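Worksheet: one structure, shown below.
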Amino acid sequence: MASRLIVSPFTLAYYTYHCFYSTGWMGPVSIFGYFVVGTIANKILMGPIVATLFEQEKLEGDFRFKHMQIRVNAESAAFYRAGKVEHMRTNRRLQALLETQKSLINKELWLYIGVNTFDYLGGFLSYLIIAIPIFTGVYDGLTPGELSALISKNAFVCIYLINGFTQLIDLSTTLSDVAGYTHRIGELREVMDDILRKQCDYDPASGESPLDTAFILEHLSYKSPYSDELLVEDLSLKISQGTHLLVVGNTGTGKTSLLRVLNRLWEAQSGFVQMTTCFGPRGTLFLPQKPYLTDGTLREQVIYPLKDIYPVSGSVDDDRIVQFLELAGVSSLLKRTGGLDEKVDWNWYDVLSPGEMQRLSFARLFYLQPKYAVLDEATSALAEEAEAQLYRTCKQLGMTMVSLGHRSSLEKYHDVQLKLCGGGRWELTKLKGNSRNLSHMEETM
Ligand SMILES: Nc1ncnc2c1ncn2[C@@H]1O[C@H](COP(=O)(O)OP(=O)(O)OP(=O)(O)O)[C@@H](O)[C@H]1O
């Protein structure tokens, strides 16, 4: 396609000159006019194709996602005996996809008819251009031999010029496909660039913010994207090193949403939020509510999201990983996998219990040792003794904890509690015997 686009202007210019030389102005003008009509017709036919192709790509993605969802949640669905309903719903997605594919084929058919008609009529046009001067008597003085030589020369030039244009028009079918795919990929890239831009607006090396602070929130208000009601209104808070913060509140009051706003996954409605440390080791690490397990070996699970061991220290690193697996209470995994670097052919989500997943997430946290650990109900599947052991280890490793949870057992590991009360209201309280309400961030941290 690219080569045709590059070469076309040169061939068109060359044959336009020859066509003008042989037929006068009428030849090139009629061919150019014909091309303009063809282009307008194609543009009209291409418009709906791009939109339908975009829709088809989206439905294909949804259909594949449904398969993946069933595969990942096969056991839970089996407990519900949900085979029939899942079958019906998957079929519904397939039907929607097939309908769109059918509509796309119909629209493409009109484009193919348009393109082929344009090609076909182009053949007639060359003879029409030659016929007009002949029948209007321009070449009356020529002998039959000279006339047939002129016809064949003019026909050759006109056909080549028309061919140049038809090749461009033929590209419209490929172009409509490319436009549909580009539109979808472009949208994805725009969203990803947007997220990247929002997350990279602070450079910890710039030293503009205090080193002992992880997050600064000033008069922050936020809501969920599909609701008009504020989850939290006018919250001012500074999360500093050594002050452990517990965020509590009923279901749906916006605890996890606060992390989404801190992480720049959601936009704040108003106010100011700044993350003043970097992500990862030596900075801030988030343990999400649903543990994320990657594919790969046990070592790759523990060092995630790092690609290589950290620090690069060979067997010393192995000892650290084993020690942290023990501290997290999942050293038995070493036996199950056959070693840190043994390849496993199972899906980690299928073979670990929710509690084991949470423990493995803690082993990851111990290994990465961030300055700030943000834990979203990270111990909800564990007993209180296990929770105590994990929190103790985090503190021994020098981490400042920001925890979200419902359990009152969490209070003893934290200094300050932020309670989200719903409807935008919140309360900030000092823990450890001091139950005074705090309204200003300076008072708390
Ligand atoms: N991805 C999302 N898109 C739109 N709305 C969402 C999304 N995730 C959550 N919400 C809505 O935002 C509100 C706050 O959700 P959030 O997850 O912050 O609650 P939470 O306090 O963490 O609850 P829980 O204690 O159950 O974890 C809820 O009403 C929820 O339905």
Side-chain angles (χ1 to χ4, degrees), residues 1-9 35-36 38-69 71-72 90 92-115 118 165-203 222-227 257 259-269 273 275 278-280 286 288 292 294-295 305 307:
M1 189 171 107
S3 60
R4 265 204 240 172
L5 281 176
I6 293 166
V7 173
S8 283
F35 175 70
V36 169
T39 309
I40 292 169
N42 266 338
K43 175 117 186 29
I44 293 167
L45 293 172
M46 257 169 70
I49 292 180
V50 175
T52 316
L53 196 87
F54 178 83
E55 182 65 16
Q56 182 204 255
E57 285 293 296
K58 186 174 164 296
L59 289 173
E60 258 181 38
D62 289 349
F63 183 55
R64 276 191 233 111
F65 179 76
K66 184 71 193 162
H67 275 148
M68 194 273 289
Q69 196 184 34
R71 215 177 127 180
V72 170
T90 314
R92 205 155 54 190
R93 289 196 183 216
L94 178 64
Q95 285 311 322
L97 173 61
L98 290 178
E99 287 293 316
T100 311
Q101 277 181 339
K102 220 169 9 174
S103 143
L104 181 66
I105 290 169
N106 286 341
K107 284 170 186 164
E108 278 183 341
L109 176 72
W110 286 110
L111 181 65
Y112 280 117
I113 290 175
V115 167
F118 185 83
F165 281 123
T166 49
Q167 278 197 2
L168 279 184
I169 292 283
D170 288 352
L171 283 181
S172 57
T173 44
T174 322
L175 208 67
S176 61
D177 285 354
V178 173
Y181 298 131
T182 315
H183 184 28
R184 191 158 156 74
I185 294 168
E187 252 191 11
L188 177 69
R189 289 202 62 160
E190 271 170 28
V191 172
M192 286 171 71
D193 285 349
D194 201 32
I195 291 172
L196 209 65
R197 210 173 22 253
K198 280 186 224 151
Q199 288 183 342
C200 292
D201 60 355
Y202 171 69
D203 172 16
Y222 61 85
K223 62 179 191 65
S224 84
Y226 302 116
S227 161
S257 305
L259 301 193
R260 294 184 185 115
V261 175
L262 292 180
N263 222 328
R264 302 294 178 88
L265 300 179
W266 283 8
E267 285 286 340
Q269 180 73 9
V273 55
M275 178 167 160
C278 51
F279 285 95
F286 289 78
Y292 179 70
T294 179
D295 55 334
K307 289 201 286 291

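Values below: all heavy atoms of this structure, side chains included; hydrogens, waters and symmetry mates excluded. Computed from a predicted structure; not experimentally measured.
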Separation of Leu259 CG from Phe286 CZ (nearest 0.5 Å): 6.0 Å
Met68 side, atom CE; Lys66 side, atom NZ - distance, nearest 0.5 Å: 10.5 Å
Pairing residues for Lys223 by the salt bridge (Lys or Arg N to Asp or Glu O under 4.0 Å) criterion, not counting sequence neighbours: none
Spacing of NZ belonging to Lys107 relative to CG belonging to Leu53, to within rounding of 0.5 Å: 10.5 Å
N/O donor-acceptor pairs under 3.5 Å from side chains in residues 92-100, not counting sequence neighbours:
residue	atom	partner	partner atom	Å
Arg93	NH1	Asp62	O	3.4
Thr100	OG1	Ala96	O	2.9

Just distance, no hydrogens or angles: give the donor-acceptor pairs under 3.5 Å from side chains in residues 179-188, sequence neighbours left out.
residue	atom	partner	partner atom	Å
Thr182	OG1	Val178	O	2.4

Separation of Ser257 OG from Leu262 CG (nearest 0.5 Å): 10.5 Å
Closest non-hydrogen atom pair between Val261 and Ala268, with its separation: CG1-CB, 4.1 Å
Closest approach of Phe118 to Phe35 (non-hydrogen atoms, all atoms of both residues): CZ-CA, 4.0 Å
CE (Met192) with more than 12 external heavy atoms under 6.0 Å: no
Rounded distance (nearest 0.5 Å) linking atom CG of Asn106 with atom OG1 of Thr52: 10.0 Å
Student check: side-chain heavy atoms of Leu111 and Met46 closer than 4.5 Å: yes
Validation row: Thr39, Lys43 side chains within 4.5 angstrom (heavy atoms): no
